[in-house]
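What follows is a set of notes on a single structure, which appears directly below.
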Amino acid sequence: MDEKLKSIYDGIIEGDHKAVAAHVKAALGAGLEPGAVLNDAMVAAMAEVGRLFEEGEYFVPEMLISARAMKEGLGVLRPMLAQSDIRPVAKVAIGTVKGDLHDIGKNLVAMMLEGAAFEILDLGSDVSAEKFVDAVKSQGANIVAMSALLTTTMVNMKGVIEALSTAGLRDQVKVIVGGAPVTDSFARQIGADGYAADASRAVSLAKSLVA
Amino acid sequence: MNAREIILANLNHQQPPRPGLTFNRGRINDICNAWLNPYGYTQKRWVEGQREYYDDEWGNLWVRMVDGSVKGEIYQPAIADWSQLDRLQPPDYSHPDCAISMRALFDNAGDTYKLAGIGGWIFDNARYLRKMEIYFADLALYPAEVNRMHEIVAGVYEQKIHLAAQAGADGIFIGEDMGTQTGLLFSPKMFRGYFKAMYTRLFGLVHDYGMKVFMHSCGQNWAIVPELLDAGVDVFQFDQPALYDMRRLAAILKEHKAALWSPVDIQKVLPTGDRALIEAFAHELVDTFEGHLICKNYPDLHGIGVEEEWDDWAYEAICARAGVTATTID
């Protein structure tokens, strides 16, 4: 790996957001392609962070600061990406479902997806079915990602899927779900396309659904 | 044996005649729970549309859905910026009036075990003071500030321990939520770096008073269970025992002469509404942890989508396995 790309990669792994921003600037200044900076250094680093998390070496704090470092780097890189042909992997509308205000899980997933070069439409928490539908209809989301922390609110996930069907959009979008009370069996029961147990696995799932 | 003696026999592994039982709604309850109140603080609550806002004794502002779970989310943390740490006003638990209601309840506790609810603990408070995802990043990025914040929080809990002891408590009940469904929120190394010494010191103070430490934590905490036992936890209050290898958990608790205080699993079992599953789990719980077990119900059934009838199945199955008549006082 190019030395400048390695600095970015290492900076993200170590969660050093200031260093990553500086290294991205330096790499672009040295003429490296934005696509290479994004994919070979930044996305690759976040993939490694995801692996370390799944292996039980990284935990939420380490994952968060790496995601933050990635975000800082993306902030520097984004104008260059906009000028190039590089497109996000897909657009994800993400939110915690109606009646549920818990957002840390959703926020972690959003950060990790952004780290994997997905474009994020963060709808927040207590999100109605209509809002999810609108994100697909009017803002072009390819993936709807829903989170719920309560047994009493996860049932609203089914309502969102039904609303997507009623709007004639179900075939255009993949639906993934997660959250403490949610299970793979529940996901299948409500007609979701997939369930992820944590933020890292949500990225793998999203990638597999748009591949 | 009276209720208190049954609890103690379970805690001390002294061949109790049955598990301890702590059930609400007029069912058998061996424990008298009481709480402290901060001096000079009155909570503010108000409703806007479907949301209820409320503050807490630390100065955090919370929000919850009016028809949702009792526990909400942080809306505005007390330490939005580290510059506010120096101005943080911790709640005052130095005044004896903080224990007025606790002393009154304990004076009328009869032969039940007197458990002082301490209301959270170090990690639980700290993560809300900064808002959770910011605090998690803080753990990695700002150790000096985090340690200072933890010491302030620990100071308050030290005051509470003194008050609980003076009020006549047999034990204290603390609440941490360190686990996810698959593992810890932070690494065991981070636990040792930030919390273990502090817990050991405070739990030692509890034991110096002759009290026991009851610790709640949601999720899967197996990676630090041995270290928490070393630090001085006497009873684990796990609402999701099904996340553990229950036999391994029972074995380590037996080895350390500690106990489990648990409902039928509130995530994988109780919300299924499957009577046979609930009863089978109840029996497994009683059998696996025999001799060092207190069984309970979960207080917020609505929050977990559980009907009272399902909760009663769990109670009746536990009582039947324990050889106790499942009484209910109307």
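The chains referred to below are lettered A, B, ... by the order of the sequence lines, with proteins before strands, and numbering in each begins at 1. Fair warning: this is a prediction, and the values are worked out from it, not measured in the lab.
More than 12 heavy atoms of other residues, nucleotides or ligands sit less than 6.0 Å from atom NZ of Lys196(B). Heavy atoms of other residues, nucleotides or ligands lying less than 6.0 angstrom from CZ of Arg45(B) number more than 12. Summarising the local packing, CD of Gln43(B) is surrounded by more than 12 heavy atoms from other residues, nucleotides or ligands at distances under 6.0 Å. By the 6.0 Å contact criterion, NZ on Lys91(A) is enclosed, its count of non-hydrogen atoms from other residues, nucleotides or ligands being greater than 12.
Among the residues in residues 49-64 of chain B, those with a non-hydrogen atom closer than 4.5 angstrom to a non-hydrogen atom of chain A are Arg51(B), Val63(B), Arg64(B). Chain A is approached within less than 4.5 Å, heavy atom to heavy atom, by His302(B), Gly303(B), Ile304(B), Gly305(B) from residues 296-309 of chain B, ordered by number.
Note that NZ of Lys106(A) and CD of Glu133(B) are 8.0 Å apart. Values are rounded to the nearest 0.5 Å. Once rounded to the nearest 0.5 Å, the distance linking CG of Leu139(B) with CD of Glu62(A) reads 9.0 Å.
In this structure, the side chains of Phe59(A) and Leu184(B) come closer than 4.5 Å at one or more pairs of heavy atoms. Using a 4.5 Å cut-off on side-chain heavy atoms (C-beta onward), Met65(B) and Asp126(A) make contact. Side chains of Met132(B) and His102(A) form no contact here, defined as non-hydrogen atoms less than 4.5 Å apart. Side-chain contact between Lys131(B) and Ile104(A): absent, with no pair of heavy atoms (C-beta onward) separated by less than 4.5 Å.
For Met111(A), the part sitting under 4.5 Å from any heavy atom of chain B is the side chain, from C-beta outward, and nothing else. For chain A, the nearby parts of Leu185(B) are the backbone and the side chain; heavy atoms of each come within less than 4.5 Å.
Of the listed residues (Asn107(A), Asp198(A), Asp100(A), Val155(A)), the greatest number of heavy-atom pairs within a distance under 4.5 Å of chain B belongs to Asn107(A). Among Thr153(A), Asp16(A), Asp103(A), the residue with the largest count of heavy-atom pairs under 4.5 Å with chain B is Asp103(A). Comparing Gly72(B), Gly219(B), Ala140(B), Ser187(B) by heavy-atom pairs within less than 4.5 Å of chain A, the highest count is held by Ser187(B).
A donor-acceptor pair under 3.5 Å is formed between the side chain of Gln267(B) and the backbone N or O of Ala180(A).
In terms of heavy atoms, Leu64(A) sits closest to Ala137(B) at CD1-N, 4.0 Å.
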